[in-house]
Student: 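First, the structure itself, so that you have it in front of you.
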Amino acid sequence: MSTMTVGEKRIKHIDDSLQKASIILVDIEGTTTSISFVKDILFPYIRSNLKSYLKAHWNDSEFKEDLVLLREQAKQDEADKMAGVVLIPEDDGENAIEAVAKNVLWQMDSDRKTKALKQLQGHIMREGYKNGKLKGHVFSDVAPALKSWAHNGRQVYIYSSGSVEAQKLLFGHSEEGDLLELFAGHFDTGVGPKVESSSYMNIVKNLECKSEDIVFLTDVPREAKAAQEAGLKAVLVVREGNEPLTEEDQVNFPVIKSFHDFVFEVSAKRKKMSTSDEPLEIVESTANGPVPETTGSSSDKIKADAAKKNEVAATESAGSGNVEGCSEDVEMTDVSNNDAQENNVKTDEMEVESHTTGGTVAVEDCGPKGSEKADAEVKTELASGDLEVSKTDSPAHESKTGMEKESREPRSETDEVKCSKVEIDEKKPKGEVSKTTGVDVKGISVSTQDTKTDSEVPKSDSGDGKAGSGRSEGNLACTESGSSKVASGEQETGLGDAKTSSVDEGAAKANSDNAKAGCNVAKVDTRDTNVDSRVAEKEMSQTEKKMETEIENDGVDAGDTKGTDKVGTDAVAVEEKDQVMGAMKTESSTKVEKKDGTCVKKVDAESGETTKVKEEGENIETSEASAVNKGSEVTKLESEITFHKASDKQSVDLSPSQTESNESASGKNKSTEIADAEPSRSTAESDAKLGTADASLEESSTKVSPKQPSTVNEMLQGVCKLSETPSKAQLPAIPKIVIDTCAENEGENTDEDVKNEKEKGGDESKTAEDTTKENGLASTAENGKDDISEGNNEVEDKEQDVKVKKLSVDSSGNTDKSKDDDISPVAAAASS
Ligand SMILES: CSCCC(=O)C(=O)COP(=O)(O)O
Ligand SMILES: [Mg+2]
């Protein structure tokens, strides 16, 4: 992540710290939304409609509650001897209406943030939003950035003085459409005033996470200070129309001018999370900690495919099951903290990491045999269904398209993608297909998939709001080390020998993160990672043949893809890239090494076999890369995004127990209760949308010029190119790749890594980065193996029931948690 502003060195330091944050808490006015909108449009609307509203709703039960609060506040203000206070008579006559109006206007004149005022304001503006007179302003960088963050596994919550209802109205009826799905939950002054640290502690409590897991973005230094005092990380946001920051503020806090300045790097752990059986798997070895597995998303698959074709190996330790999140085991920390990475990779690189890992893995085109074997092994390890390659539409396309579409085509408020329950049906017979409606959390793509599993298949029922498979998006890490060439020009970090490109960890991370953020929940089943591969069976049937043919014939235009990605600043591009990379699914750690045009796949973490494949083209040495393709099913593209949309109410508003006004409520704690969430959109609608998304994808695909990549890097680049979405037909053929760890290199890390991994499992707070630094090692294929097996076990014990809950704590002190909003961690992340 990078923040721009003062003092490069200082900022960099902060970046390191911020990278580990798994939850982003954002303010609205002056942060996501212009102050001008609030002051010049929203509030004037309220003022103009105040009296008519009072008259029309005076006898409504809802308003009566508002009135009670207003009277209480007035009394309190009187007791506090506030100048100009307007008391409200107890009678219900005209005088009372007049008094209420005066009281409200008086409070607004002072821009007070009392619960009484904010609650009524929310009710009044509701009509404006509903009838279209009001459209919430949101800075253009917000939605894409939030999607990107979510894609990288971060959960985004709102904390505003505006009531939760007002927040939802603004984002649900924004100029950008319905953006509610980008948020995991909402907080208002129900948790306390924003200028008091206790409020942030309450949020931490609600989210059941550690204070340092949260980064708070706000335009108000006092709020930032309060958050900082509570142990949160705080970042000041500069927007046009905001009060200028003092130099001191800029020294005390990192400052950003756009959400795009806030970019998360890929977490090694997240990469690790994907321990799936998907065909292509890239393993990232830098991460040590346990990581929940995630199933590669479509983008991941794409990446994987590309990687396969290119014979790029990425390593990732698969399976660790624990995801560290707030309360859960999900680990959200970004591990990609290598200096090299930080310096070079960052945004552009999409999370390129240098691998300190020992082994060298060569990725090669391996015959089916090797792949199959690897798959089989993986299967065994994961016990998750067969490794059949799941096909999907080109992930990249969909993801990208989805994003664009998302931002332009708002979804209904009810269409919240949040938490989906991941149910794993171990007993599910092989070949059984479960239908899943996937929704790209980011709102990007929605897909309906049928999942076919050989053995274990996560059960997903979109209709129920349950996502059967977790989406493994993210976890892809393409690592090139040694002689390394960057997988793609875009990803070139110039780091020298160690270059790693990892993309799309988002999903994986998201899963775990989501689980966390969701508040509390977060059990990740490593097997979820496999979901994608297991899922999408249906899609494959539809697209597989086509893709096979096309893939074999078409390549990705590396040239086109180059430069499409702007590091650090283009969140969208990054995200897309991530998605693409995410396609590469990481499994056990494998090291791929390309030297002198020879790709030698080395050890299969699980099987321990070594396969060498020769490939011409680039001198690439990738450490920790494992690309696994299922046997002869070379051309299958995997998956689609498996973000699951909870069709039913999945969002819950966690309202803080009590509401307090800024002035009086500080420190008070509130109880939480489950509140109702908004109705969700019907599955049919989702399906319809999916169809639309697909169509869009198809269209976009035509833009890509089918240029045959000549090198692995080109392939990757082409795959990673986000700006232009390749059509399915343009996807590169995926050679089967057998990934084996390099025996020679493994020796360095294996035992120790395994040990570290185990130890790490007990120390969730430790980030992969930390571990890596401490150990000076990266996980090896062996580690990956261990990770997988162990991770699975851990995960299994905990997961099975991964629930991510969306929460909103409102000023009424109500904490709503949706009971049915079980969402696969991935979905949750995606939903964000
Ligand atoms: C959706 S909230 C409308 C703006 C508002 O009423 C407000 O108080 C904003 O305060 P913030 O904490 O978001 O700066
Ligand atoms: Mg603000």
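Indexing begins at 1, ligand by ligand and atom by atom, following the structure's order. Nothing fancy with the numbering, it's 1 onward along the sequence.
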Student: Provide, to 0.1 Å, the distance between atom 3 (C) of ligand 1 and the closest protein heavy atom, together with that atom's residue and name.
Tutor: L42 CD2, 3.7 Å
Student: Grab the two heavy atoms, one from D27 and one from T32, that are nearest each other, plus how far apart they are.
Tutor: O-CG2, 3.2 Å
Student: Out of I28, D27, V26, whose heavy atom sits nearest atom 11 (P) of ligand 1?
Tutor: D27
Student: Considering non-hydrogen atoms of the protein only, which is the closest contact for atom 2 (S) of ligand 1, and what is the distance?
Tutor: G162 CA, 3.4 Å
Student: Evaluate the side chain to side chain donor-acceptor pair (under 3.5 Å) criterion for residues E127 and N131: first the C-alpha distance (whole Å), next the side-chain angles of each, then the deciding distance (0.1 Å), finally the verdict.
Tutor: CA-CA 6 Å; E127 291 185 358; N131 63 26; 5.8 Å; no
Student: Could a heavy atom of F43 be found less than 4.0 Å from some atom of ligand 1?
Tutor: yes
Student: If you define the side chain from C-beta out and look only at heavy atoms, does anything of K115 sit under 4.5 Å from L69?
Tutor: yes
Student: Using a 6.0 Å distance limit plus a 45 degree cone around the ring axis, check whether R222 lies over the aromatic ring of F253.
Tutor: no
Student: Is there at least one pair of N or O atoms, one from S160 and one from ligand 1, spaced under 3.5 Å apart?
Tutor: yes
Student: In terms of relative ring orientation, are F262 and W149 parallel, tilted or perpendicular, with 30° and 60° separating the classes?
Tutor: perpendicular
Student: Can you label the angle between the F171 ring and the F183 ring as parallel, tilted or perpendicular, going by 30° and 60°?
Tutor: tilted
Student: If the plane angle is over 60° it's perpendicular, under 30° parallel, otherwise tilted; pick one for F187 and Y159.
Tutor: perpendicular
Student: Backbone, side chain, both or neither: what part of T218 comes under 4.0 angstrom of ligand 1, heavy atoms only?
Tutor: neither
Student: Which of the atoms in ligand 1, numbered in the order shown and given with their element, are less than 4.0 Å from a heavy-atom of L170?
Tutor: 1 (C)
Student: Report the nearest protein non-hydrogen atom to atom 9 (C) of ligand 1: residue, atom name, distance rounded to 0.1 Å.
Tutor: E29 OE1, 3.1 Å
Student: If I take the Mg ion (ligand 2) as the centre, what angle separates the OD1 atom of D219 from the OD1 atom of D27? Nearest 10 degrees is fine.
Tutor: 120°
Student: Report the C-alpha distance between E90 and K75 in whole Å, list the side-chain angles of each, state the deciding distance to 0.1 Å, and finish with yes or no for salt bridge (Lys or Arg N to Asp or Glu O under 4.0 Å).
Tutor: CA-CA 12 Å; E90 294 296 329; K75 290 176 182 174; 3.6 Å; yes
Student: Compare V220, I158, V38 and give the one whose heavy atom is closest to atom 4 (C) of ligand 1.
Tutor: V38
Student: By number and element, which atoms of ligand 1 are closer than 4.0 Å to a non-hydrogen atom of Q167?
Tutor: 1 (C)
Student: Does any N, O or S atom in E29 come within less than 2.8 Å of the Mg ion (ligand 2)?
Tutor: yes
Student: Pull out every atom of ligand 1 sitting under 4.0 Å from any heavy atom of A166, numbered as shown with elements.
Tutor: 1 (C)
Student: If you have a sec, work out which protein heavy atom is nearest atom 12 (O) of ligand 1 and how many Å separate them, to one decimal?
Tutor: K194 NZ, 2.4 Å
Student: Measuring from Q73:CD to D80:CG, what's the distance to the nearest 0.5 Å?
Tutor: 8.0 Å
Student: With heavy-atom distances below 4.5 Å as the criterion, would you say the side chains of I203 and I214 are in contact?
Tutor: yes
Student: Quick check: does Y159 get an N/O under 3.5 Å from an N/O on ligand 1?
Tutor: no
Student: Any idea which protein heavy atom is nearest atom 5 (C) of ligand 1, and the distance to it?
Tutor: K118 NZ, 3.6 Å
